[in-house]
Amino acid sequence: RKISSSSSRAPKRALPGIHRIILIRHGESLGNIDERAYGETADWRIPLTNRGREQARVAGKKVASHIMPSDMNANTAEGTRSN
């Protein structure tokens, strides 16, 4: 059956109540510089480099400029937190 694009009904959302998803990769870590770190330390315990911390600060500011803090819900590899 063909659905007309002039339909007055709004399309169903895949994630009701979700209007935007922002994905961010972490900043540079010691593991990015020396892969041997992965053989000695769990991935999540490998610290960011100074450059990685600066990358994270810049990314945070960019995200903050696009959203209201009251609308933020962050899901991370370590868990979920809401403001």
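Residues: numbered from 1 along the sequence shown. The figures that follow rest on heavy atoms only: side chains count, while hydrogens, waters and symmetry mates do not.
Here the CG atom belonging to Leu30 is positioned 6.5 Å from the OG1 atom belonging to Thr49, to the nearest 0.5 angstrom.
What you find for Ser29 and Tyr38 is that their closest heavy atoms are OG-OH, 4.0 Å. Looking at every heavy atom in both residues, Leu48 comes nearest to Gly27 through CD2-O, 3.3 Å. The two residues Ala37 and Gly31 have their closest heavy-atom pair at CB-CA, 4.1 Å.
Ser65 places a side-chain N or O within donor-acceptor distance of the main-chain N or O of Lys62, the cut-off being under 3.5 Å. At distances below 3.5 Å, at least one donor-acceptor pair connects side-chain atoms of Gln55 with backbone N or O atoms of Glu28.
Looking at Ile22 and Ile67, their side chains come closer than 4.5 Å, going by heavy atoms from C-beta outward.
Hydrophobic clustering, defined by side-chain heavy atoms of Ile, Leu, Val, Met, Phe, Trp and Tyr closer than 4.5 Å, leaves Val58 isolated from every other such residue.
For Arg36, the salt bridge (charged side-chain N to carboxylate O under 4.0 Å, His left out) partners at least two apart in sequence or on another chain are Asp34. Taking the salt bridge (charged side-chain N to carboxylate O under 4.0 Å, His left out) definition, one finds that Arg53 meets it with nothing, sequence neighbours left out.
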Task: Evaluation steps, salt bridge (Lys or Arg N to Asp or Glu O under 4.0 Å), between Glu54 and Arg57 - done: CA-CA 5 Å; Glu54 181 59 25; Arg57 272 191 286 280; 3.1 Å; yes

